[in-house]
Amino acid sequence: MSAGGRDNDYDIVIAGGGMIGTSLTLALAPLGLRVAVVEATARKALEQPSFDDRSTALSRSTQRMFEAMGLWDEIVAASTPIRSIHVSDQGRFGFSHIDAEEQGVEALGYVVINRVLGSVLQSAMNECEGIQVVCPARVVGVDLAPERATVVVGFDKGEQRTLSCDLLVAADGANSAVREMMGISAQKTQYGQRAVIGNLLPEKNLQHRAFERFTAQGPLAMLPVADDRAGFIWVVAEREAERVLALDDDAFLGELQEEFGYRLGAFSHAGKRASYPLTLSKAVRLTAARSVLIGNAAHGLHPVSAQGFNLGMRDVAALCDCIADSGAELNVADPGNEKLLARYADWRRSDQKKLVRFTDGLVRLFGSSRRPLRALRNVGMLGFDLIPGVRSLFAKHTMGLAGTLPRLSRGVPLK
Ligand SMILES: Cc1cc2nc3c(=O)[nH]c(=O)nc-3n(C[C@H](O)[C@H](O)[C@H](O)COP(=O)(O)OP(=O)(O)OC[C@H]3O[C@@H](n4cnc5c(N)ncnc54)[C@H](O)[C@@H]3O)c2cc1C
């Protein structure tokens, strides 16, 4: 273990350089703090599990954040806008339609492939001064004293290095080991489902429409991506996943087509498939002494509402606001002080709770074959389109514009 010393002293150490940890690092850059990011996987976009072949729908508030961070031009050049969302329920009359124009915005969101987003974020990190990336390496131990946090980092060959910081941020994903080291437990619900993802070529162009269809197995989403292709997220029962993944391309497309129908004509040219287990996880607290949880380490959502990353980005925006304000408002330039952490936790609790409840409710409402719930969802699907308030609240959450917004989420730079 190396001794301490100036090279191991930081204002902030971020555990996890995935989509959220990297975004936080870049968002903090204008504040000129000494930041270290510890990431377990080698820094090549293709090897990073966070930056894989999934397509992510970026909400309006995430767009504004990347605008404020000066990264949006590059991201939008590699993204596809969603101008409307079409929601339907298999075998049932009625569907809902959310339209960008009706909401008074140019797009409801933008779809980007995680791998592409990862390479934009990682090249921006290479240009940043004052950031040290410790990689590949894992946080293997923490000591959270009231005045300073100590973080033990382990490398592949068994060596260790000890970092010290004012604030430790756990951004190490849904199975966060750092959260456990902080002494914070998480409530987990296994949905018994997996998301099978990939892309295909539909006969008819999506024309900037996203589709979400609730089927007997679970939700199925089609998102417009580059080259006239559609990125799909197909939620299947856990016991079905292995079989579906093992199908040859024609058989796979046939089954997917049966679930989705022919609204986009015939499907062909299936791309590579992958699958993800689906679990709801909620940390019971968001902070411990000198440490804080963000992104999936704080909340892992079902992808039905396409909101996990966007919600995590709002954690990033709120934490940055608290840190940027702490010097002036709290009269202390200490990013890990107790008041700052309490302010962050208060701010984020309600947004996270609402979205967890909303997303979990969607899974249960549309995933259930119980009669009372089926009746309710018929009303829900129709009511959804007829009651303007309901629809615009859903759209506001989808765009990430509900509640009090931190400045990055409003598109205002930190400095
Ligand atoms: C199929 C699917 C589709 C989705 N679609 C959308 C969507 O359309 N819109 C949306 O908003 N969200 C979506 N999400 C959710 C989104 O992908 C996640 O919320 C997001 O990736 C979380 O990022 P994260 O950085 O918090 O965690 P992760 O992506 O899990 O990253 C954690 C990082 O920490 C590293 N790490 C782990 N342990 C350690 C350690 N001990 N020390 C150091 N580093 C460590 C890992 O290597 C990894 O790089 C989807 C999710 C799935 C499964």
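Ligands are counted one by one from 1 in listed order, and the atoms in each one are counted from 1 as well.
Taking the six-membered ring where the residue is Trp, the centroids of Phe260 and Phe232 are separated by 6.0 Å or more.
In the vicinity of Pro303, heavy-atom distances shorter than 4.0 Å reach the ligand 1 atoms 2 (C), 3 (C), 4 (C). Counting atoms of ligand 1 from 1 in the listed order, those under 4.0 Å from a heavy atom of Ile197 are 1 (C). For ligand 1, the atoms closer than 4.0 angstrom to any heavy atom of Ala57 are 7 (C), 8 (O), 9 (N). Short contacts between ligand 1 and Thr41, defined as distances under 4.0 Å to a heavy atom of the residue, involve ligand atoms 47 (O). Those atoms of ligand 1 that come under 4.0 Å of a heavy atom in Gly295, given as number and element, are 26 (O).
Asp248 CG: more than 12 foreign heavy atoms inside a 6.0 Å radius.
With a heavy-atom cut-off of 4.0 Å, Arg138 touches ligand 1 through backbone and side chain alike. When non-hydrogen atoms are compared, ligand 1 lies under 4.0 Å from the backbone of Ala40 as well as from its side chain. Residue contacts with ligand 1 for Ala171 involve N, CA, C or O but no side-chain atom from C-beta outward (heavy atoms, distance under 4.0 Å).
Between the side chains of Gln132 and Asp7, not a single donor N or O lies within less than 3.5 Å of an accepting N or O. For the 3.5 Å distance criterion, the side chains of Thr25 and Thr22 fail to qualify, holding no donor opposite an acceptor. Residues Ser164 and Arg148 have side chains that bring a donor and an acceptor to within less than 3.5 angstrom of each other. Judged purely by distance below 3.5 Å, without hydrogens or angles, the side chains of Glu39 and Thr41 pair a donor atom with an acceptor atom.
With respect to Lys354 and Asp351, no salt bridge is recorded, no charged nitrogen being found less than 4.0 Å from a carboxylate O.
For the atom pair CG of Leu200 and NE2 of His269, the computed distance is 11.0 Å after rounding to the nearest 0.5 Å. One distance of note links OG1 of Thr56 with CZ of Arg115; it measures 12.0 Å at 0.5 Å rounding.
Backbone and side-chain nitrogen or oxygen atoms of Glu39 are examined, and one is located within less than 3.5 angstrom of a nitrogen or oxygen of ligand 1. Considering both main-chain and side-chain atoms, Asn114 never comes within under 3.5 Å of ligand 1 through any nitrogen or oxygen pair. Residue Ala297 places no N or O, backbone or side chain, under 3.5 Å from any N or O of ligand 1. Looking at ligand 1, you'll find an N or O of Val139 within less than 3.5 Å of one of its N or O atoms. At least one N or O atom of Ile20 sits closer than 3.5 Å to an N or O atom of ligand 1.
Of the options Arg54, His299, Met19, the smallest heavy-atom separation from atom 17 (O) of ligand 1 is shown by Arg54. By heavy-atom distance, the residue among Trp234, Phe309, Tyr276 lying nearest atom 12 (N) of ligand 1 is Phe309.
Partners of Glu67 by side chain to side chain donor-acceptor pair (under 3.5 Å), not counting sequence neighbours, listed by chain and number: Gln63.
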